[in-house]
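Predicted model only: the values in this text are computed from it and were never measured. Order of the sequence lines sets the chain letters (A, B, ...), proteins ahead of strands, with each chain counted from 1.
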Amino acid sequence: MATTALEHAPAHHEEATGIWSWITTVDHKRIGIMYGVTAFLFFLLGGLEALVIRMQLWGPDGRLVSAEVYNQLFTMHGTTMIFLGVMPLSAMYFNYMIPLQLGARDVAFPRLNAFSYWVFLLGGLIINASWFFGAAPNGGWFGYANLTSAQYSPGLNIDFWTVGLQILGVASLAAAVNFFVTVINLRAPGMGMMHMPMFVWMSFITQILLLLSFPIITVALVLLMIDRSFGTHFFVPAGGGDPILWQHLFWLFGHPEVYILILPSFGIVSEILPVFSRKPLFGYAAMVFSGAFIAFVGFGVWAHHMFSTGMGPFADAFFALATMIIAIPTGVKIFNWIGTVWGGKLEFKTPMLFALGFIAMFIMGGLSGVMHASPPADLQQTDTYFIVAHFHYVLFGGAIFALTGGAYYWWPKMSGKMLDEGLGTLHFWLMMIGFNLTFFPMHIVGLNGMPRRVYTYSAESNFELLNKMETVGAFLLGLAMLVFMWNILKTWRSHQPPAPADPWNGATLEWAIPSPPQHFNFPALPRVHGRDALWEMKRVAGGTLPEPTPVAHDAVPMPNPSWKPLVAALGVAITLGGFIGGSHLWVHAVGLVVLFYGVYAWAFEDPFAATGH
Amino acid sequence: MATAHAHADDHHYTATGIDNRKLAIWTFIGSECMFFASLIGTYLVYKGRDVVGPKPHGEWLLNGVAQEQMLEIPLVTFGTALLLFSSFFVVLALNGAQKGNRKQLIGWLLATIVCGVFFVGMQVYEFNHFAHRGMGYTTNLFSSTFYTLTGFHGTHVTLGLVWLVSVLVVALRGKLPPEKALNLEMAALYWHFVDVVWIVIFPVVYLIR
Amino acid sequence: MSQTPVRRLRLGAPVLLLAAAMLAAGCAPDQYPQTTLIPRADFAREADTLMRQTLLWATIVFVLVEGALLFAIWKFRNRPGAAEPVQTHGNTTLEIVWTIIPAFILAMIAVPTVRTIFKTSQRPGPGALQVEVIGHQWWWEFRYPELGITTAGELVVPSGRTVSLEMTTADVLHSFWLPQFAGKRDVFPGRYNNLWFKAEVEGNFPAQCVEFCGVQHGRMAYRIVSVTPEAFDAWAANFNAPPKDFTADSTANPLVREGQRLFTAKGCGGCHAMYPALPLIGPNLHHVGSRSHIAAGTLENTDENLARWIKNPQEWKTGVLMPNLGLTDQETAAIVAYLRANQ
Amino acid sequence: MTATAHAPAHAEGHAHPTWQTYTKVALILFALTALEVGAYEVVHRHSPAGFAAVLEPIVVEVLLFLSAIKFALVAMFYMHLKSDGKLLTTIFSFSLLLAAVIIGALMIIFYYLYQHAPTVNQLK
Ligand code: HEA
Ligand code: HEA
Ligand code: CUA
Ligand SMILES: [Cu+2]
């Protein structure tokens with residue numbers, strides 16, 4: 001390891017600070033932090049929306065919010081959690097951790113990376129700006145045609161949704177190209193594909209899913225937008241259009257999307273378990289192939305969301321079988337995680353608690369998924385709270401548990417501070433109990449006939465008791481979030497000694513460098529000879545490595561900051577924003593001008609040109 | 001390892017030896033495949049599902065008067081040939097760029113752009129002509145799917161042209177030495193991709209009834 | 001230090017137990033009128049059997065896998081002085097085993113699944129009662145083409161006879177659901193979807209629309225009324241009798257006569273037909289007086305509720321497509337009396 | 001330090017096709033396009049009358065086959081996939097395969113759907 005090779009480096013330069021340095025940053029770590037902060041705020045907003053939903057459903061014939069507002073709430077809750085919560089939280093880890101774990105200085109295209117973030121931020125802001133117009137999207141997170149047509153949804157609500165999601169799609173695609181190339185090309189010398197940390201592998205597969213599934217929803221959204229703006233009939237039956245096509249296009253994207261949401265979490269858990277079991281990941285190759293297989297088969301199961309549309313027995317049978325097959329590779333993952341823990345020396349630090357909680361909860365969600373995969377049975381389950389239970393077990397019990405575990409695990413690396421273990425444990429148990437109290441009863445209330453997306457239920461239906469439990473659980477979850485935030489705040493202000501480079505005895509390269517890392521990550525690119533690179537280095541060194549010392553900040557030339565990506569991002573947002581409330585040529589024109597200016601300025605800028613200092 | 005060399009292995013080191021940008025453009029092209037697949041799929045699913053005319057192939061009625069089939073094969077055959085030509089020309093231009101043959105580079109690049117412009121012109125003419133024959137964007141499912149699919153292709157061609165023209169300007173300024181030929185190669189790859197999409201669209205939309 | 005989570009588990013156990021007890025209390029399906037867990041027709045029985053089979057396998061997998069996980073967590077917790085673990089990297093035999101066993105279990109689920117798919121997607125043979133089901137924002141219309149009946153909000157069927165539903169929608173997507181009798185089918189504009197069932201019992205069962213269909217999706221309910229074949233025939237015969245014209249009948253209650261006059265004068269008739277088979281843009285109100293519920297199955301059909309609805313339908317169902325006609329209390333009372341007289 | 005200082009000309013180092021190859025490919029592409037249009041003319045204009053009957057039943061397959069060859073030629077030679085290494089080919093062909101499968105699946109699904117749950121227009 002060559003981190004200590006620059007001991008005699010020149011004087012120590014401070015990194016730039018201040019708001020402008022963040023706006024123009026092209027540093028993957030800063031961009032990662034911006035992704036994280038933004039996504040966490042959106043997550044809280046989505047959670048707040050969920051809390052209002054839960055309060056409305058506290059008792060029968062609830063009157064807290066109107067039907068109209070309720071519909072906006074669950075649409076925005078779903079949309080926010082998926083597109084502005086879990087996806088960008090994963091993107092935070094892609095940004096921060098992929099280059100570090102690969103032993104790289106940055107992503108392949110640092111400015112494109114900044115562009116992705118800005119487009120994501122603007123998309124999220126535009127979609128949420130709808131609240132100020134009293135016109136938040138209200139068609140459900142999968143916006144089934146023909147309710148979303150101009151005839152049945154004349155307001156701005158659906159426009160905000162189609163435009164916002166298209167903008168977010170641009171961000172995801174740009175990021176996916178970037179990380180795809182990064183993983184293939186920026187692996188440290190000696191790191192073969194089958195040496196990469198599992199988080200990088202799962203993220204890599206996620207990028208492939210993004211690349212191949214986002215264009216599909218883009219087309220669907222474009223067609224819907226054209227229908228609404230120009231009066232075509234792609235999804236309007238009166239002109240021969242078929243609303244079922246929307247469903248196929250949406251779920252062709254939508255199912256790969258759920259694996260986009262979970263695969264990074266699989267990766268995070270696969271990082272945490274070995275470290276706190278003191279034992280390498282069990283069945284590395286099987287883990288890689290099962291992940292790839294899940295993604296691949298994930299493209300062939302979309303119509304399991306459409307069993308009640310009456311596709312005919314052959315299609316039903318095909319999609320049922322394809323869906324069930326996914327349980328096999330997922331099972332392989334579960335068993336290999338248990339295999340990793342098995343025979344280890346488990347240390348129940350907070351990240352480990354969340355990782356174990358993830359496995360326990362995800363199994364539950366996966367099994368109810370297999371129950372939906374049986375079409376005749378699903379005819380009773382679909383569109384009830386049984387489905388809501390399933391997807392919160394995989395999304396919250398799965399993704400959010402793992403992402404939270406990742407936060408505790410990587411917090412020292414990202415912030416240079418350790419989070420409090422006691423509060424972390426409290427956070428975990430509150431979340432575990434609150435989560436199950438919120439979502440377990442949904443299985444029961446669902447099978448007993450409570451449909452989803454209803455703003456209220458009758459007293460006759462007798463759903464009250466279970467709904468009350470769910471609401472209490474949701475507030476426990478809120479409390480858990482407050483504990484987390486308190487933990488962050490408390491440790492942020494405390495004067496603890498800076499976190500060491502390697503607080504957990506980690507196995508991967510991000511722990512080889514100071515916490516937080518310097519701008520260029522690695523003064524010299526590390527040489528890798530196998531998996532678990534850092535453990536290997538420690539083994540060779542016969543125990544621990546010396547704490548790496550920071551070197552001069554200008555020891556390695558890094559690309560200059562740039563505001564051009566922000567301009568280009570504004571161009572994208574304005575151009576597409578012109579489709580809110582019809583098509584406004586002027587807005588498109590202005591947007592295109594800004595976009596082209598941004599792109600040209602960016603293309604002809606030399607990222608390494610000498611700057612003022 | 002000394003400080004002076006600290007960066008020697010960084011911004012041009014790639015694990016596969018393929019340039020980052022080249023890999024990126026291919027990745028993007030892969031993604032674009034799905035974009036056009038969705039559009040073509042939509043076109044095909046809706047084919048023949050129109051409630052009213054015009055029909056792409058065969059006769060239809062406008063205000064009770066029988067009309068010819070909509071699509072005009074000779075015109076698009078010409079357009080198709082233009083795109084194929086341009087693909088051929090751009091490889092020659094790239095070849096010139098890589099060899100440092102400025103004349104070859106600029107000449108063929110210009111030829112490529114001319115062909116591309118004529119293709120777009122063909123499409124504009126075609127759209128106009130159809131509109132005059134009573135096929136507006138919203139007239140029926142065929143017209144909407146047709147205009148959307150070919151229109152998005154046309155947009156891609158236009159973007160490709162903007163890109164090629166930018167490269168041409170750079171080349172004219174003498175800033176496209178052989179070691180920077182990748183700047184042209186990326187645009188060329190995109191251009192070829194737009195061409196192969198048309199190779200699919202041409203029979204699927206125009207030739208198969 | 002390493003003991004903490006174990007101690008927490010002991011603390012968490014009573015809490016979990018308490019929750020489990022509450023859940024058990026909330027579990028009994030017969031307390032839920034809309035439950036899917038008590039099938040009352042052949043179709044629902046097929047779905048239920050399949051669901052229970054899958055649930056059984058899922059439970060077995062759940063117990064075994066969660067058990068293994070918990071066991072590992074307990075067994076391999078870090079104890080003071082524990083040795084460094086053996087650095088195993090995997091085991092091919094194990095990988096094969098835990099690929100094959102789930103595959104086998106899935107096959108056990110898949111076979112009955114496919115069999116049931118083909119069974120349930122058959123169309124019912126001749127002799128089934130044909131009903132056309134049409135979704136509207138936010139109520140359901142039912143037509144019995146053989147009987148010349150058009151009604152709304154209440155699907156009346158004879159028990160013991162297969163009912164074949166041909167389903168479509170007049171506006172956006174909805175989904176028709178018979179929790180106790182069959183599953184769901186989405187309805188699409190311009191397309192016909194089919195569902196069938198043979199009710200095994202009589203009763204009045206709640207159900208509701210299960211595809212999000214706009215602002216009042218939540219109150220787009222209906223009732224499924226299963227009656228004996230004799231009662232069904234009587235209902236059909238009664239329904240087919242022409243509507244009573246109270247204005248022409250001087251012996252009728254004057255309030256009812258006034259109500260009938262107002263019904264036309266206030267424009268109700270513009271949206272609501274009072275004739276057995278005539279569909280208009282609102283629900284057909286023929287025999288509305290004898291329905292168990294109004295307002296798309298969400299309000300019990302009492303005089304108070306009728307009055308409340310007619311006076312201001314927007315109060316109970318904001319955004320509903322029936323306008324507030326600004327009736328006075330007297331007018332409302334008259335119309336209610338008239339509607340009630342339509343038994 | 002500028003990026004250009006040590007830009008390698010061709011990291012891949014493979015020999016790209018020559019002028020002659022490019023020209024040959026171009027000629028083949030034109031010939032194939034001519035065949036495509038010819039097939040169309042034969043079937044739909046019945047120009048040489050005798051051929052129409054032979055070609056009619058397979059014209060779709062013929063057209064798709066011809067265009068697939070054109071596609072492959074451009075990809076292999078003009079886009080240099082033949083000489084540029086396996087990775088890029090894999091990326092492209094995987095996407096293409098998925099794209100084709102999805103188009104096919106949608107067509108099959110809707111074909112059966114229109115039979116299984118007929119539209120009102122079909123019933124008329
Ligand atoms: C993170 C997201 C995520 C994940 C990972 C999954 C995973 C799965 N999902 Fe889920 N799903 C959603 C998110 C997700 N889902 C969402 C958001 C919806 C609703 C969308 C909406 O309508 O709003 C949904 C809806 C949904 C439906 C549609 C229901 C309906 O609307 O009617 C179906 C139907 O088949 C389904 C199935 C499955 C299956 C089989 C899996 C499998 O991948 C699960 C595999 C895992 C296991 C099975 C557990 C571990 C395995 C073992 C321990 C091995 C042994 C097991 C066996 C032998 C069974 N899901
Ligand atoms: C990753 C995705 C994700 C996550 C994490 C969640 C989290 C939660 N969801 Fe989820 N949910 C979805 C994705 C998700 N959901 C989707 C896709 C749908 C379908 C939408 C549709 O039908 O279209 C849905 C639908 C849905 C419904 C059904 C609505 C309906 O059909 O009518 C319900 C009902 O209870 C619900 C509840 C909750 C709750 C209580 C949480 C909780 O876990 C939330 C916990 C978080 C908090 C409680 C936040 C804490 C906040 C604070 C402490 C305040 C902070 C203060 C400030 C910012 C000022 N959700
Ligand atoms: Cu109708 Cu929901
Ligand atoms: Cu799915």
Side-chain angles (χ1 to χ4, degrees), chain A residues 66-68 140 144 146-147 152 237 243 278-280 282-283 286 308-310 313 316-317 320-321 324 327-328 331-332 335 338 341-348 356 359-360 363 367 371 374-377 379-380 382-383 429 433 437 444 447-449 451 453-456 460-462 465-466, chain C residues 5 8 15 19 26-27 29 31-32 34-37 46-47 50-51 54 58 62 65-66 68-69 72-73 76-78 82 85-87 89-90 95 98-99 102-103 106 110 113-114 116-118 120-121 172-173 175 179 183-186 188-190 193 208 210 212-216 218 318:
Chain A
S66 68
E68 175 57 30
Y144 272 3
N146 59 342
L147 180 61
Y152 294 107
R278 310 256 70 88
K279 206 170 146 281
F282 198 83
S308 63
T309 59
D316 277 2
L321 297 182
M324 288 177 190
I328 298 173
V332 167
F335 298 132
I338 297 179
V341 174
W342 203 274
K345 194 169 122 186
L346 310 190
E347 268 193 89
F348 298 106
L356 293 170
I359 303 178
I363 293 173
L367 291 173
M371 290 181 68
S374 199
L379 289 186
Q380 288 287 27
T382 188
D383 269 311
W429 284 108
I433 294 168
L437 191 58
I444 300 170
L447 285 178
N448 280 318
R453 298 176 161 182
V454 292
Y455 69 95
T456 189
E460 178 199 12
S461 64
N462 198 22
L465 175 67
L466 291 167
Chain C
R8 300 275 169 165
V15 180
C27 243
Q31 299 173 0
Y32 299 92
Q34 204 160 293
T35 186
T36 66
L37 295 175
E46 295 283 349
L50 195 57
M51 194 279 280
T54 341
F62 182 79
V65 183
E66 299 277 4
L69 178 66
I73 292 175
F76 302 109
R77 68 189 189 279
N78 183 12
V86 188
Q87 303 290 297
H89 288 270
E95 300 290 348
W98 60 45
T99 305
L106 288 167
T113 293
V114 173
T116 314
I117 290 175
F118 279 90
T120 49
S121 59
V172 301
L173 308 197
S175 189
K184 312 180 177 75
R185 268 288 179 254
D186 301 351
F188 298 92
N193 244 333
Q208 62 193 106
V210 276
F212 181 64
C213 53
V215 61
Q216 278 298 344
T318 336

Test item: [X] and [Y] side chains (from C-beta on) under 4.5 Å apart, heavy atoms:
| X | Y | answer |
| --- | --- | --- |
| A:Asn146 | C:Leu173 | yes |
| C:Val114 | A:Leu321 | yes |
| C:Tyr32 | A:Leu447 | no |
| C:Val215 | A:Tyr455 | no |

- Query: Among A:Ala320, A:Ala317, A:Pro280, A:Ala67, who wins on heavy-atom pairs under 4.5 Å with chain C?
  - Reply: A:Pro280

- Pair count under 4.5 Å, heavy atoms only, with chain C: among A:Pro243, A:Ser66, A:Pro375, A:Gly344, highest is A:Gly344

- Under 4.5 Å to a heavy atom of chain C? For A:Tyr144 that would be side chain

Straight-line distance of [X] [atom1] to [Y] [atom2], nearest 0.5 Å:
| X | Y | atom1 | atom2 | result |
| --- | --- | --- | --- | --- |
| A:Ile328 | C:Leu106 | CD1 | CG | 5.0 Å |
| A:Arg278 | C:Asn78 | CZ | CG | 9.0 Å |
| C:Leu69 | A:Trp342 | CG | CH2 | 10.0 Å |
| A:Ile359 | C:Glu66 | CD1 | CD | 9.5 Å |

Report which part of [X] has an atom under 4.5 Å of a heavy atom belonging to chain A: side chain, backbone, both, or neither.
| X | value |
| --- | --- |
| C:Phe188 | side chain |
| C:Thr116 | both |
| C:Glu46 | neither |

- Item | Donor-acceptor pair between C:Asp186 and A:Ser308 side chains, under 3.5 angstrom | yes

- Task: Look at the side chain of C:Lys184 and the backbone N and O of A:Gln380, then say whether any donor-acceptor pair between them is shorter than 3.5 Å.
- Result: yes

- Verify, without hydrogens or angle tests, whether A:Asn448 (side chain) and C:Leu37 (backbone) share a donor-acceptor contact under 3.5 angstrom. no

